[in-house]
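Report on the structure given below.
Quick note on labels: first sequence line is chain A, next is B, and so on, each numbered from 1.
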Amino acid sequence: MCGRYFRRSDKQKIAEAFHVKQVVDFPLPPWDYNVAPQTMQPIIRANRDTGERELVQLRWGLVPFSTKSLADLKGKSTINARAETITRGWWAQPFKKRRCLVPASGFYEWTHDDPKNKRPFAFDLANGKPMGFAGLWDAWKNPTDGSWLQTYTIITTDANELMTIVKWNKA
DNA sequence: CCAGACGTTGTT
DNA sequence: GTCTGG
DNA sequence: CCAGACGTTGTT
DNA sequence: GTCTGG
């Protein structure tokens, strides 16, 4: 679940909906109907110093702190973490100390019945309100150049009654 | 998650 | 960092 | 003990 | 088939 999602709220609306105290200055389109892994996206986390909620930009696809080389992640996917496993392994540290909220309006799922005819379906909250995926984030220092990379993952769980197939409003 | 690329030599 | 397999 | 992995989805 | 970029 959740390899791609969409966002209808701008920074202002996100800040209001999630009671954000500090909004970092980065450009953000008022909507994005194709939020893809490996791109920079807004997330909400506790500020390191004040503990207050801040809206910042991180890259989707968690690179664990202990990663020695990005090549180690080749062939693995860290865009999602199962709720059942986040207390162990790579996720343990982020789960303890680095949780976040990922503002969104809904997400996509694809049918694979016919491989030649993949079809996307969109889901959002039945009440149409902004939603926040539960997420984890981490910071990784690139040993090559010493730069820091901050990333996040979205926690997945079973299908439930909160989500419904999107009824797109016409104009 | 999907879509699209996936190579080399040697030239300007 | 932490867990598993050997 | 050390070495090496550490993931997800969805399909068969 | 598998990897990368978005």
Can you tell me if the side-chain N/O atoms of [X] get under 4.0 Å from OP1 or OP2 in [N]?
{"X": "A:Lys76", "N": "D:dC6", "result": "yes"}
{"X": "A:Trp91", "N": "D:dT8", "result": "yes"}
{"X": "A:Arg82", "N": "D:dT9", "result": "yes"}
{"X": "A:His112", "N": "D:dT12", "result": "no"}

Determine the interatomic distance between [atom1] on [N] and the same-named atom on [M]; round to the nearest Å.
{"N": "D:dG4", "M": "B:dC6", "atom1": "C1'", "result": "30 Å"}
{"N": "D:dT9", "M": "C:dG1", "atom1": "P", "result": "27 Å"}
{"N": "B:dA5", "M": "D:dT8", "atom1": "P", "result": "30 Å"}
{"N": "E:dG5", "M": "D:dA3", "atom1": "C1'", "result": "33 Å"}
{"N": "B:dC1", "M": "D:dG10", "atom1": "P", "result": "7 Å"}

State, yes or no, whether a side-chain contact exists between [X] and [Y] at a heavy-atom distance under 4.5 Å.
{"X": "A:Phe18", "Y": "A:Leu55", "value": "no"}
{"X": "A:Lys21", "Y": "A:Asn47", "value": "no"}
{"X": "A:Val166", "Y": "A:Phe6", "value": "yes"}

Mind checking [X] for me? I need base, sugar-phosphate or nothing, with any heavy atom below 4.0 Å counting as a touch.
{"X": "A:Ile79", "result": "base"}
{"X": "A:Thr67", "result": "nothing"}
{"X": "A:Thr78", "result": "nothing"}
{"X": "A:Thr85", "result": "sugar-phosphate"}

- Message: Does the structure show a Watson-Crick or G-U wobble partner for E:dC3, both distances under 3.5 Å? Name it, or say none.
- Response: B:dG4
Tell me: [atom1] of [X] to [atom2] of [N], nearest whole Å?
{"X": "A:Arg119", "N": "B:dC1", "atom1": "CZ", "atom2": "C1'", "value": "17 Å"}
{"X": "A:Arg88", "N": "C:dC3", "atom1": "CZ", "atom2": "P", "value": "9 Å"}
{"X": "A:Phe65", "N": "D:dC6", "atom1": "CZ", "atom2": "C1'", "value": "16 Å"}
{"X": "A:Leu70", "N": "E:dT4", "atom1": "CG", "atom2": "P", "value": "11 Å"}

Between [options], spot the one nearest the side chain of [X], thanks.
{"X": "A:Trp110", "options": "D:dT8, B:dC1, C:dG1", "value": "B:dC1"}
{"X": "A:Lys118", "options": "B:dC1, B:dA3, D:dG10", "value": "B:dA3"}
{"X": "A:Ala81", "options": "D:dT8, B:dC1, C:dG1", "value": "D:dT8"}
{"X": "A:Lys74", "options": "E:dT4, D:dC6, D:dT9", "value": "E:dT4"}
{"X": "A:Gln93", "options": "C:dT2, D:dC6, D:dT9", "value": "C:dT2"}

- Query: Got more than 12 heavy atoms from elsewhere within 6.0 Å of CG, A:Asp25?
  - Reply: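 Open.
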- Could you tell me how the ring of A:Phe107 sits relative to the ring of A:Phe133: parallel (under 30°), tilted (30 to 60°) or perpendicular (over 60°)?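 It falls in the tilted class, 30° to 60°.
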- Message: Testing the 3.5 Å rule here: is there a donor-acceptor pair between the side chains of A:Thr50 and A:Gln22?
- Response: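 There is such a pair (donor and acceptor under 3.5 Å, judged by atom type) between the side chains of A:Thr50 and A:Gln22.
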